[in-house]
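Quick one: this structure, given as structure tokens, is what I'll be asking you about.
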Amino acid sequence: MENVYGLLGFPVEHSLSPLMHNDAFAYFGISARYHLFSVKPEQVGEAIAGVRALGIAGVNVTIPHKMAVIPFLDEVDEHARRIGAVNTIVNDNGRLVGYNTDGPGYVKALEEEMDVHLDGKRILLIGAGGGARGIYFSLLSTAAARIDITNRTTEKAARLVREGEDGRSAFFPLAEAEKRLAEYDIIINTTSAGMHPRVNEQPLSLERLRPGTVVSDIIYNPFETKWLKEAKARGARGQNGVGMLVYQGALAFEKWTGQWPDVNRMKQLVIDQLRR
Ligand code: SKM
């Protein structure tokens, strides 16, 4: 019988996950299909009960349900619990286990796509929302030298630094981070500034950017934000959000099937679709 996988979210229509996963299932000759499930916020519990009742083999979870699904699961792994968000559920013979592959996917994409070794690196993270949390806690498990956070408002970012309980992190207001920009080897935007339709906004001024710095933006719509273009024009090595999307999917695929998919193939499919 064909295994069913899918994405729970609201909205979900825009998702590129079916493209990546269905191609990978076909590639490995796995009899399975990945579907989109539009789930209203008030029906998250029923949706998870549906996953159980129908024996759905695994799901991804996207905005706005990543926190809301947690109470309905049988187990949540430590990393996902720390982040407070689940994006991947494995149905292990009726036991629903939650994971978060967003942060680990981001870090893997940074290391593999950009050929970056994080040991001893000084990193600046912009933003303190859901995306930042996953990336921050994943970076804490690397040997990076500094993982500082800047954000438009203080409260959430300062809380994240406190939660991290790690001597390698500090919070800086935006203006201060802009002044210190040349101190960083890697600068990561996790905010939605620059994302469609806010395409003219930028998360932080790049005036003091040091050429050769890795500048990474988790946005992939537009394919390259104005900010990322400017960073490249100033001599940075730029990375857009396609890598994170692909690697979080690859890690989920591996949890479901035990197989590591061809990430370059997944990436090409996504790029072709986005460039259409
Ligand atoms: O965490 C991922 C999720 O697994 C899939 C997704 C998508 O298909 O748009 C986006 C992210 O939230």
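Keep in mind that the numbers below use all heavy atoms, side chains included, and drop hydrogens, waters and symmetry copies. Since the model is a prediction, treat every value here as computed from it, not as a measurement. Order of listing sets the numbers, starting from 1, for every ligand and every atom in it.
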Exercise. At a 4.0 Å threshold, what atoms of ligand 1 neighbour a non-hydrogen atom of Asn87?
Worked result: 1 (O), 2 (C), 4 (O)
Exercise. What are the two closest non-hydrogen atoms of Met20 and Val270, and how far apart are they?
Worked result: CG-CG2, 3.6 Å
Problem set entry | Thr62 neighbourhood, listing ligand 1 atoms whose heavy-atom distance to it stays under 4.0 Å | 10 (C), 11 (C), 12 (O)
Seminar exercise, completed: So for Ile63 against ligand 1, with non-hydrogen atoms under 4.0 Å, the contacting part is neither
Exercise. Is there a donor-acceptor contact under 3.5 Å linking the side chains of Tyr247 and Thr101?
Worked result: no
Exercise. Salt-bridged, Arg81 to Glu78, with N to O below 4.0 Å?
Worked result: no
Exercise. Looking at CZ of Arg146 and CG of Asp185, how far apart are the two atoms once the value is rounded to the nearest 0.5 Å?
Worked result: 12.0 Å
Exercise. So which protein heavy atom does atom 3 (C) of ligand 1 come closest to, and at what separation?
Worked result: Gln248 OE1, 3.7 Å
Exercise. Hey, would you say the Phe253 and Tyr5 ring centroids sit under 6.0 Å apart?
Worked result: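 Ring centroids of Phe253 and Tyr5 are no less than 6.0 Å from each other.
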For this session: List every atom of ligand 1 that sits less than 4.0 Å from any heavy atom of Ser15, numbering the atoms from 1 in the order shown and giving each element.
Result: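 Listed by number with element, the hits are 7 (C), 8 (O), 9 (O).
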For this session: Taking only heavy atoms of Asn60 into account, list the atoms of ligand 1 that are under 4.0 Å away from them.
Result: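 Atoms satisfying the 4.0 Å criterion: 4 (O).
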Problem set entry | Test of proximity, Lys66 against ligand 1: N or O pairs below 3.5 Å | yes
Problem set entry | Ligand-residue contact atoms, ligand 1 with Asp102, heavy atoms, under 4.0 Å |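 Once the distances to Asp102 are compared, the set is 1 (O), 2 (C).
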Problem set entry | Passing candidate, side chain to side chain donor-acceptor pair (under 3.5 Å) with Ser216, options Arg237, Gln239, Glu113 | Gln239
Exercise. Are any of the N or O atoms of Ser17 closer than 3.5 Å to those of ligand 1?
Worked result: yes
Problem set entry | Within 45° cone of Trp260 ring axis and under 6.0 Å: Lys108 NZ or CZ |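 The answer is yes; both the distance and angle limits are met.
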